[in-house]
Amino acid sequence: AMSYVAMKRTDGAVVIAMSCSHVFPSVFQAAHERRWPLTVAFDNDSTGDIGWKRCQETHQLLYPNDAPPIRVIPTAKDWNEDLCATARRSHGRHL
């Protein structure tokens, strides 16, 4: 979550770190009650794909009339790797 925030503009967003492949129903409920758009940032791997599918299914089951969640995917395996790659390119050295 910290790497995602470091890379993406999140003004006004609530960012929550959770397990790598699960969104708790309470997160869907909070987004629904507050009419917040929901963006998830699972890893770019098979576990992230499974988590995304589960997220979509759970959201559809609980709040079928709400806007569906959006998935953002890192270029590398995860947001930490993306952040490190960005830092290396911008500084011209390895971190």
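For the single chain, residues carry numbers from 1 onward in sequence order.
In this structure, C55 SG and F28 CZ are separated by 4.0 Å, a value rounded to the nearest 0.5 Å. For the atom pair NZ (K8) and OG1 (T39), the distance works out to 11.0 Å, reported to the nearest 0.5 Å.
Qualifying side chain to side chain contact (heavy atoms under 4.5 Å, CB included) partners for M7, counting only residues two or more places apart in sequence or in other chains: W79, D82, L83, T86. D66 is linked by a salt bridge (Lys or Arg N to Asp or Glu O under 4.0 Å) to nothing, counting only residues two or more places apart in sequence or in another chain. With sequence neighbours excluded, the residues forming a salt bridge (Lys or Arg N to Asp or Glu O under 4.0 Å) with K77 are D43, D45, listed by chain and number. For A13, the side chain to side chain contact (heavy atoms under 4.5 Å, CB included) criterion is met by T10, not counting sequence neighbours. In this structure R34 satisfies the side chain to side chain contact (heavy atoms under 4.5 Å, CB included) test together with A30, W36, sequence neighbours excluded. Annotation: salt bridge (Lys or Arg N to Asp or Glu O under 4.0 Å) contacts of R71 (sequence neighbours excluded): D49.
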Derivation of the side chain to side chain contact (heavy atoms under 4.5 Å, CB included) call for V23 and V40
CA-CA 9 Å; V23 177; V40 296; 4.0 Å; yes
Test side chain to side chain contact (heavy atoms under 4.5 Å, CB included) applied to L38 and V27, step by step
CA-CA 9 Å; L38 183 61; V27 172; 4.0 Å; yes
Contacts table for residues 57-65: side-chain donor-acceptor under 3.5 angstrom, sequence neighbours left out:
| residue | atom | partner | partner atom | Å |
| --- | --- | --- | --- | --- |
| T58 | OG1 | R54 | O | 2.9 |
| H59 | NE2 | A67 | O | 3.4 |

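Residues F24 and I16 fall within the same hydrophobic cluster, defined by Ile, Leu, Val, Met, Phe, Trp and Tyr side chains chained together at heavy-atom separations under 4.5 Å.
Across every non-hydrogen atom of P74 and F42, the tightest pair is CD-O, 3.5 Å.
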